[in-house]
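Remarks on the structure that follows.
Numbers restart at 1 for each chain; the letters A, B, ... are given by sequence-line order, proteins then strands. All of these numbers come straight from a predicted model, not from anything done at the bench.
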Amino acid sequence: MSSHESRSVDPATLEMLEKAASDGVKTAFERADDVRPCNFGSEGRCCRNCSMGPCRISSKKEAEARGVCGATVDTIAARNFARMVAAGAAAHSDHGRAVAETFIAAAKGEAPGYGIKDVQKLLQVALDFGVEIGDRPVEDIALEIGEKALEQFGQQEGELVYVKKAPLNRQKIWRELGVVPRGIDREVVESMHRTHMGVDQDYENILLQATRTALADGWGGSMIATDLQDIMFGTPVPILGRVNLGVLKEDQVNIIIHGHEPLLSEMIVYAAQDPEMVALAQSKGAKGINVAGICCTANEILMRHGVPLAGNFLQQELAIVTGAVEAMVVDVQCIMQSLPDVAQCYHTKIITTSPKAKIPGATHIQFDEHDALSSAKQIVKAAVENFPNRGANVKIPKYEVDLVAGFSHETIDYLLGGTFRASYRPLNDNIINGRIRGIAGVVGCNNPRVKHDEIHTTLVKELIKNDVIVLQTGCSAMACAKEGLLTPEAASKFAGGGLAEVCETVGIPPVLHMGSCVDNSRILMAATAVVKEGGLGDDISDLPAAGAAPEWMSEKAVSIGQYFVASGVFTVFGATWPTTGSEKVTDLLFKGYEDIFKGKWAFEPDPYKMAKLMLDHIDKKRKALGIDKARERVLYDMAMRRELDAV
Amino acid sequence: MEEKELFNGQKVKVLGATFEPGKPLEPLRWRHKEQTREEMLKFLESSQRYWYSNEWYGSERRKNPA
Ligand code: SF4
Ligand code: SF4
């Protein structure tokens with residue numbers, strides 16, 4: 001029996017942890033043992049926002065205890081929370097900005113290799129941004145969209161364009177509370193300003209600004225990233241993929257692309273298919289070039305090309321431990337600084353590509369969007385040339401599983417009614433008639449503080465068993481894919497009778513992979529479509545729906561959670577909760593927000609209890625809608641009909 | 001055809017599950033169905049009608065005429 005069994009439920013991960021131990025390599029799993037979390041910090045009771053501190057507020061005398069400046073524990077916890085939201089929103093939005101800039105360059109013809117793949121989505125976004133369509137060439141329309149999208153980041157006044165896509169009642173709530181984002185960057189900056197020493201000292205007010213910032217992420221930066229990527233690279237459609245470390249190939253050059261932005265990875269996929277590169281690989285003794293992904297870059301290229309997923313966040317070091325990876329190419333976000341150290345024990349080259357993210361010990365090959373294909377070829381070439389350096393210490397765990405991904409909001413709409421009657425109606429009808437009990441969004445990271453993938457997979461199995469259809473993004477989708485939950489066959493194997501019946505009729509899995517972390521915006525649109533379709537209330541908060549990030553670790557997750565809550569969704573986080581040090585802040589987020597935003601947070605590390613919380617919430621909403629009772633199908637005879645007529 | 005037993009013990013052949021095993025070996029390229037700009041706009045007006053059409057009314061629009 002493995003000594004690592006408590007660390008993961010994934011057999012490939014366990015096998016590689018054994019190998020890492022025998023190769024003398026330390027991973028995040030062991031470092032998590034070495035570095036215990038600080039109690040003050042993890043509960044939000046530590047402020048280091050000026051040099052009179054850091055001030056750590058002891059929980060025992062919370063009421064009187066204050067920082068040197070007089071800040072209370074409530075102010076400090078709210079500030080820390082707001083800063084997490086701001087950092088998360090900044091990351092997603094900077095991603096969106098990079099996409100918008102490349103989009104503009106592509107429209108001007110200044111970024112060879114990039115173009116408009118999905119004209120239909122271009123027209124859709126043109127309608128959103130009020131860009132004239134007429135007979136204008138696509139490049140003209142694209143240029144105007146790109147410029148207007150980029151303006152959203154620096155906009156100072158007014159409202160973000162995408163806010164008007166939300167349900168009307170939701171917009172009303174936001175306007176009444178004054179949390180409609182004015183501009184994306186403006187809200188991030190204002191959050192940083194307000195949480196600076198000596199500025200906003202009212203925790204409720206700080207959290208309202210945190211909300212406005214989170215909304216600028218979900219209904220702003222992230223939505224722009226998703227939409228413009230769809231136009232440039234194609235809106236995802238259902239596609240078969242494979243997941244887990246077994247997708248690496250013993251006889252090929254293995255390139256792993258890791259990070260978040262598809263600008264680079266799209267080009268690497270093309271460069272790796274270039275006959276010149278394939279010939280070079282063969283001249284080095286390899287049979288070909290195999291590209292696979294880690295983290296959200298993986299989700300992006302899976303959704304659009306079917307490129308396999310090597311693994312999720314906690315498998316990034318383990319991919320190198322296989323000894324079979326020639327290069328790990330990284331851009332931004334979720335990249336561990338330990339990668340070059342791990343790579344030292346093998347032959348793997350760590351290649352950083354973004355001026356925003358360099359790592360000591362890695363090779364930097366700057367990626368230039370204006371000459372993308374040659375940048376990508378340079379990177380692929382470096383990987384291929386590294387193939388002869390591969391040592392004998394190679395072990396690829398033989399685990400890989402099928403999955404179906406590519407469920408964009410538009411594709412779900414199409415799948416439910418075809419081109420003739422694309423609509424969310426069948427979903428709404430099946431929720432109303434009780435075959436589907438509700439909808440859950442289960443997203444987010446891995447966290448070595450909990451057993452890798454266990455909370456994701458247990459929670460999702462529990463939800464689908466209870467007829468809740470699950471929408472997924474990020475590393476959570478990969479965890480469930482490894483468990484075989486993302487295939488249509490999973491419906492009959494794991495789902496409750498009602499959900500299984502619907503999945504079999506439509507031909508979809510009970511768990512739908514909707515993309516990367518920025519693509520949580522797709523979940524917002526799907527929820528809005530369900531509201532607008534009718535029959536399930538007038539707002540997202542009326543839906544029998546809930547969200548969860550069971551193994552979260554990233555600041556982006558906090559921003560995502562906050563925009564879901566502010567959009568009316570009951571959202572549960574596992575692993576840890578960053579404001580437990582302040583009763584008032586936690587109470588406001590966990591209870592008070594139900595009155596204000598009609599959505600609220602909860603924290604529950606146990607996946608069964610987490611499922612129960614979500615199911616209870618779903619049932620509560622079903623009851624409020626009057627659809628809580630299973631209705632028997634009664635075949636009316638003539639006498640019964642006459643009775644009806646008489647009424 | 002699968003053989004099953006009726007309530008009276010009689011053996012019958014039934015058509016089993018008719019859905020295809022869900023492995024889209026090729027991506028489902030439904031986005032290519034509309035070719036002209038007119039077709040695309042028309043599809044948007046019907047598939048995403050609550051955002052892009054003035055003729056269709058979702059639950060909320062009926063109550064709050066735009
Ligand atoms: S801002 Fe106040 S609470 Fe924070 S470190 Fe400075 S003095 Fe301490
Ligand atoms: S889910 Fe979390 S760990 Fe995974 S890519 Fe997204 S932010 Fe990173």
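Atom OG of A:Ser423 is separated from atom CD of B:Gln48 by 10.5 Å, given to the nearest 0.5 angstrom. Taking CD1 from A:Ile133 and CZ from B:Arg37, the interatomic distance works out to 7.0 Å, rounded to the nearest 0.5 Å. Note that CG of A:Leu127 and CD of B:Glu45 are 8.5 Å apart. Values are rounded to the nearest 0.5 Å.
Contacts of A:Met525 with chain B are made by both backbone and side-chain atoms, with heavy-atom separations under 4.5 Å. Contact of A:Asp135 with chain B is made through the backbone alone, with heavy-atom distances under 4.5 Å. Looking at A:Thr411, both its backbone and its side chain come within 4.5 Å of chain B, counting heavy atoms on both sides. Neither the backbone nor the side chain of A:Ala491 comes within less than 4.5 Å of any heavy atom in chain B.
Side chains of A:Tyr414 and B:Lys33 form a contact here, defined as non-hydrogen atoms less than 4.5 Å apart.
Using cut-offs of 30° and 60° on the angle between ring planes, the pair A:His409 and B:Trp51 is perpendicular.
Remark: A:Lys598 NZ is loosely packed, at most 12 non-hydrogen atoms of other residues, nucleotides or ligands lying under 6.0 Å away. More than 12 heavy atoms of other residues, nucleotides or ligands sit less than 6.0 Å from atom CD of B:Glu3. The environment of A:Lys164 atom NZ is dense: over 12 non-hydrogen atoms of other residues, nucleotides or ligands sit within 6.0 angstrom.
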>> Does A:Lys532 form a side-chain contact (heavy atoms from CB on, under 4.5 Å) with B:Arg49? I'd like the steps, not just the answer.
In response: CA-CA 10 Å; A:Lys532 287 182 183 274; B:Arg49 49 193 163 277; over 6 Å; no
> Step by step, would you call B:Trp30 with A:Glu410 a side-chain contact (heavy atoms from CB on, under 4.5 Å)?
Replying inline: CA-CA 10 Å; B:Trp30 70 273; A:Glu410 291 84 353; 4.1 Å; yes
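Chain B forms more heavy-atom pairs under 4.5 Å with one residue of A:Leu403, A:Asp128, A:Leu415 than with any other, namely A:Asp128.
Taking both residues in full, the closest heavy atoms of A:Gln120 and B:Met40 are given as OE1-CG, 3.4 Å, listed atom of the first, atom of the second, then distance.
Judged by distance alone, with hydrogens and angles left aside, the side-chain atoms of A:Arg421 form no donor-acceptor pair with the main-chain N or O of B:Ser46 at under 3.5 Å.
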